[in-house]
Amino acid sequence: MIFQKNKPLKGELTIPGDKSISHRAVMFGSLADGCTEVTNFLQGADCLSTISCFRAMGIQIEGPEAGHDTIRVYGKGLHGLRKPDSILDVGNSGTTMRLMSGILTGQSFDTTVTGDASIQSRPMNRIITPLSMMKADIKSIPGNGCAPLTISSIHKPLSAIHYDSPVASAQVKSSILLAGLYADDKTSVSEPYLSRNHSELMLQSFGAKITSEGSTATIEPDPNLYGQKVVVPGDISSAAYFIAGALMIPGSEVYIKNVGINPTRDGMLRVCEAMGASIEKHNIHEASGELCCDLLVKYSSLHGTTIEGEIIPAMIDEIPMVAVLACFAEGTTVIKDAKELKVKESNRLDAMVENLSKMGADIIGTEDGMIIHGGKPLHGAVIDSRLDHRLAMSFAIAGLAADGQTEIQRAECVTISYPKFYEDLDSLMK
Ligand code: S3P
């Protein structure tokens with residue numbers, strides 16, 4: 001796809017449902033008794049992978065249909081899943097892989113789980129290690145700590161543990177907490193910084209006994225979970241592209257409706273404000289225990305900042321977009337403590353440094369982040385998305401603000417999290 005300077009971004013937009021919350025609604029709904037109705041479910045390929053895995057384990061799930069984002073999950077309780085007929089395929093979805101593996105360790109049947117080439121190169125030892133400490137039988141088939149994984153039944157409860165996670169990762173935390181549903185006592189996880197807490201909030205609303213204190217979450221085993229109505233807020237990670245686009249492209253003003261602003265996810269907003277952005281929050285409300293609002297974002301003259309420490313997990317998926325934004329801010333932006341970006345759908349640290357350099361940015365990669373000297377115009381370039389949806393969308397926006405043409409190769413990978421991204425972007429350029 002080709003992008004070049006166009007009109008300012010103007011207008012109103014409702015972005016699709018949150019990916020993390022959509023996944024969890026399917027998984028927890030499957031483990032609950034009764035029907036879970038999920039509205040504004042994200043019809044991205046990742047969440048559809050979660051649906052197909054749970055269907056393969058005997059769960060009836062109605063929807064979603066084209067243009068209708070409601071699904072109904074007819075859960076069968078904590079012990080109601082059945083052995084799938086074949087290997088479970090998570091596609092590109094790390095959240096499905098890691099959270100579902102936590103659930104599978106507690107089942108009385110054996111499974112094999114795999115995914116695409118990206119998934120097969122991502123680190124799974126980060127869940128294999130703690131789940132094995134719980135006496136789960138989970139192994140990497142190639143023996144390199146990556147998928148495919150085999151998970152075998154152990155015919156007795158898992159052993160409860162307290163785990164000090166070396167990484168602030170909601171996927172790791174949630175995997176252990178879900179295994180904790182099948183343990184012999186309370187299971188707890190501490191993280192260096194609090195990562196997104198959607199699992200904790202949603203499990204509690206389904207009836208789990210789960211508590212959080214600082215960056216430690218604790219769950220009790222064997223609860224009765226009950227089907228719920230879940231209203232999924234818009235995904236701030238998807239809103240990020242329009243927020244950054246409006247801030248970078250002179251004359252822009254966009255109103256983005258119903259964006260989830262859970263404090264464990266709103267790091268990008270805080271960073272943009274520190275850079276001098278004009279972002280107003282309107283209509284602040286709660287949906288299914290998650291804070292939401294509308295955002296009014298106007299073109300702003302930005303300055304550099306330092307991004308490090310506990311804010312990093314609260315904006316982990318937005319860092320590629322923020323790196324582009326930093327190129328349009330006067331002065332220096334330093335991003336530290338972001339090593340995790342190396343093990344996402346692609347190595348996002350390398351990809352940002354390489355591709356922004358191609359566009360003429362003054363950027364250097366560091367061991368755990370990057371340093372960007374902004375305020376110099378970017379020019380178009382040919383960018384390979386590396387089949388990473390967040391790279392494709394970040395560079396589409398960069399292309400709209402750069403001089404000349406930017407070509408995004410393998411741009412269709414946005415279907416992972418935002419199938420209508422290009423249409424929605426187009427609607428703001430009329
Ligand atoms: C997610 C957690 C984050 C994030 C991913 C979704 C989740 O990953 O990058 O896109 O839904 O729990 P980590 O937990 O590995 O940081």
Side-chain angles (χ1 to χ4, degrees), residues 16-28 41-42 44-47 49-50 90-103 115 118-119 121-130 145-147 163 165-178 189-203 215 217 230 232-233 235-241 260 262 264-268 290 310-322 337-349 351 368 388-391 393-394 413-414 416-418:
D18 187 277
K19 179 156 79 72
S20 294
I21 296 175
S22 296
H23 281 300
R24 286 159 170 81
V26 174
M27 295 189 198
F28 306 167
F41 177 79
L42 173 66
D46 270 8
C47 299
S49 293
T50 295
V90 305
N92 191 244
S93 175
T95 304
T96 314
M97 183 82 201
R98 296 197 176 111
L99 270 63
M100 189 172 71
S101 294
I103 293 170
S118 157
I119 275 291
S121 67
R122 296 181 67 184
M124 294 301 151
N125 274 339
R126 54 180 55 199
I127 57 162
I128 294 175
T129 301
C146 295
Y163 189 61
S165 176
V167 282
S169 159
Q171 293 180 357
V172 171
K173 169 176 65 179
S174 305
S175 183
I176 299 165
L177 293 173
L178 288 165
V189 186
S190 295
E191 329 181 69
Y193 301 118
L194 181 63
S195 64
R196 64 191 67 192
N197 64 354
H198 306 304
S199 293
E200 295 93 305
L201 295 176
M202 200 188 290
L203 278 167
S215 59
V230 179
V232 181
D235 197 328
I236 191 167
S237 298
S238 299
Y241 307 102
N262 177 320
T264 63
R265 292 286 300 282
D266 72 347
M268 177 181 177
E290 294 277 350
E310 68 180 338
I311 202 164
I312 295 286
M315 58 182 293
I316 191 71
D317 293 338
E318 291 69 76
I319 293 177
M321 190 66 261
V322 169
D337 303 322
K339 250 191 203 146
E340 274 297 297
L341 288 190
K342 294 185 182 179
V343 292
K344 294 294 178 186
E345 285 83 328
S346 71
N347 181 335
R348 290 181 180 160
L349 276 190
D368 64 349
D388 183 332
H389 54 130
R390 305 224 177 270
L391 295 185
M393 292 187 274
S394 299
C413 60
V414 301
I416 291 295
S417 63
Y418 199 160

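In each ligand, atom 1 is the first atom listed, and ligand 1 is the first ligand listed. FYI, the numbering just counts along the sequence from 1.
- A heavy-atom separation below 4.0 Å is not found between His198 and ligand 1.
- Distance alone, capped at 3.5 Å, is enough to place a donor-acceptor pair between the Asp368 side chain and the Asp337 backbone.
- For His23, no heavy-atom contact with ligand 1 is shorter than 4.0 Å.
- Ser169 and Glu340 share no donor-acceptor pair across their side chains, judged by distance under 3.5 Å alone.
- Panel note: side chain Lys344, backbone Ile316; no donor-acceptor pair is recorded below 3.5 Å.
- Looking only at heavy atoms of the protein, atom 11 (O) of ligand 1 is closest to Ser20 OG, 2.7 Å.
- The shortest N/O to N/O separation between Arg196 and ligand 1 does not fall below 3.5 Å.
- Between the side chains of Ser165 and Glu191, no donor-acceptor pair is found at a separation under 3.5 Å.
- Close approach of ligand 1 to Ile316 is summarised as follows: ligand atoms under 4.0 Å from at least one heavy atom of the residue are 9 (O).
- For the residue pair Ser49 and Ser93, no side-chain donor N or O sits within less than 3.5 Å of a side-chain acceptor on the partner.
- For the residue pair Ser195/Lys173, the side-chain donor-acceptor check at 3.5 Å is satisfied.
- The closest approach between any non-hydrogen atom of Arg24 and ligand 1 is below 4.0 Å.
- Under the 3.5 Å distance criterion, with hydrogens and angles disregarded, no donor-acceptor pair is assigned to the side chains of Ser174 and Arg196.
- Checking only distances, Ala170 does come within under 3.5 Å of ligand 1, N or O to N or O.
- Counting heavy atoms only, Lys344 comes closest to atom 16 (O) of ligand 1 of the residues Gln171, Lys344, Glu340.
- For ligand 1, one of its N or O atoms has an N or O atom of Asp317 under 3.5 Å away.
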